[in-house]
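Reviewing the structure listed below.
Every chain is numbered from 1 and lettered A, B, ... according to where its sequence line falls, protein lines coming before strand lines. Just so it is clear, the structure is predicted and the values come from calculations on it, not from any experiment.
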Protein chains: 2
Amino acid sequence: MAKEKARDLRAGIALLWGEQDQPTRGPKPSLTPQRIAAAAVEIADAEGLDAVSMNKVAVGFGVSAMALYRYVPGKAELVELMVESVLADVPDPSTAGTDWRERVTAWARRSAEVHRAHPWLLAVTAMRRQLMGPNQLGWLDAALAALEPSGLTAAEQHRVFVLVAGLVRTVAQQDADFDEQHSQEWNSLTGELLDRHADRFPTLTRAIAAGAFAPDPVDPLDFGLARILDGVQLLLDRPTDRA
Amino acid sequence: MAKEKARDLRAGIALLWGEQDQPTRGPKPSLTPQRIAAAAVEIADAEGLDAVSMNKVAVGFGVSAMALYRYVPGKAELVELMVESVLADVPDPSTAGTDWRERVTAWARRSAEVHRAHPWLLAVTAMRRQLMGPNQLGWLDAALAALEPSGLTAAEQHRVFVLVAGLVRTVAQQDADFDEQHSQEWNSLTGELLDRHADRFPTLTRAIAAGAFAPDPVDPLDFGLARILDGVQLLLDRPTDRA
DNA sequence: CAGATGTGTTTAAGGTATATACAGTTCGAG
DNA sequence: CTCGAACTGTATATACCTTAAACACATCTG
């Protein structure tokens, strides 16, 4: 972050967009940036993002760590490629009918699926994003396309997109935080602490007693989408509020 | 993450809650976990989270890196303390009137302020959260207290809390991504790419032309809160939908 | 006034990314 | 056909990082 490698921003772009001229001399490359990224994704899926090291990825291919640098400028760019790889399957809103709410819902669900399949995505995109690859832009395009029939202005569409994309991230984080036993442990440990300090957190204590933190049958994505899209619909119905 | 240090979960708790018996023998400690955390926060604020190393923090106190381990079990716990430190000023919803929307809005604004002052907070809390300190629980308590007059059920209050807290994070991320010149560069580079691939991203191209990505005078937090809380109000007005 | 119990330092081990120099391979131009 | 340019992959080395372990010293308690 503070390092501000910045290397060559353009190199990163060329890589993400696959815009680099193939060399003609020299030995045939045994790898591709895409294969490397795919291997890194596998590691991250299985063992978490921290387990992805140049060394580990390289060993998977039976080459030395430095070999990867022939294909990828550095780890940051590799991570960008991982994101791009995981977003390969860009949704098409037109397959989800013409109702903007259904289209947005479909987009959000697809996005949530990706996050569920690749939990590290959340942490990766939480840090500074340098640039977007074609697939990332594709998802953005799809979201805006989903919103197009709504009758919102361009600026409003953008604002709503931010809201919905944020909701997906929120839900993904919720999912990641509360895996089974972790939740168990949290409840017991925090419960114990709360008992000892009930007076400091009166509302929370009451809320827990009232079951606010019990397992919730309602899908948080559905709940969030319903509230947000209801709010947007209200905005559409009330032109007075629209700047 | 995959490392799963786990060290001693209880040690972390004791640290966060200040529940450790002071030693009586030996030399007087020259530091405290709190002072260490404060120094780390300063570094993170000034130079980014990556700049926070045990060494750098220690040098600031004129001691060796290992000295810090007398006060803090490890870096993970230090980061937890940093979060706790930054959340020291827990809001009190009762000062924001009795209207639940105003109270929630006040809470969200306060939270957004903290995120703006300490951008690293976003990245830190995006990773696995182990436990919450008293201040973190205080903020949670405050949010639920803000929602209490709404008439929502406990479960609903929790769901809405997640939504609002998520919105704050979304906005914070938006803020972090788009600092001045970064936005400039993004616009020029991405604009160039889009020109070259306009056919692949028709909606996006149109949206940009329509000004969807132009500087927006509307505060994204206000916009998001308005939509979400409108949606929640609608839920309150329509008891049929409430499971 | 011991000795137990702290603090802080030094040393070192095992990670990480990656710069640099080099060896070996392959194509293409003369 | 050959030689050099261009390329791949490796080995080495640097500069970080966290943190374990052994040690010297300070301080309170019995």
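- Residues A:V104 and A:F161 form no side-chain contact, since every pair of their non-hydrogen atoms from C-beta on lies 4.5 Å or further apart.
- The residues B:R200 and A:D141 are annotated as not salt-bridged, no charged nitrogen and carboxylate oxygen being separated by less than 4.0 angstrom.
- Relative ring orientation between A:W17 and B:F201 is described as perpendicular, the plane-to-plane angle rising above 60° on a 0-90° scale split at 30° and 60°.
- The separation between B:Q20 atom CD and C:dT5 atom C1' is 16 Å, rounded to whole Å.
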query = Once each nucleotide of nucleotides 5-13 of chain D is scored for protein heavy atoms under 4.0 Å, what B/S/- sequence comes out, 5' to 3'?
reply = BBBBBBBB-
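- The interatomic distance linking A:D50 (CG) with C:dG14 (P) rounds to 20 Å, in whole Å.
- Donor-acceptor pairing under 3.5 Å is recorded for the side chains of B:W120 and B:D45.
- The nearest whole Å value for the distance from the CG atom in B:N55 to the P atom in C:dT10 is 12 Å.
- Using modelled atom types, one finds a donor on one side chain and an acceptor on the other under 3.5 Å when comparing A:R169 with A:T125.
- Nucleotide C:dT16 holds its C1' atom 12 Å from the NZ atom of B:K75, rounded to whole Å.
- Distance, B:M54 CE to D:dC16 P: 18 Å, rounded to whole Å.
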key: salt bridge (Lys or Arg N to Asp or Glu O under 4.0 Å) between B:R109 and B:E113, intermediate numbers included   = CA-CA 6 Å; B:R109 277 205 235 279; B:E113 273 170 36; over 6 Å; no
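- Nucleotide C:dG15 holds its P atom 11 Å from the NZ atom of A:K56, rounded to whole Å.
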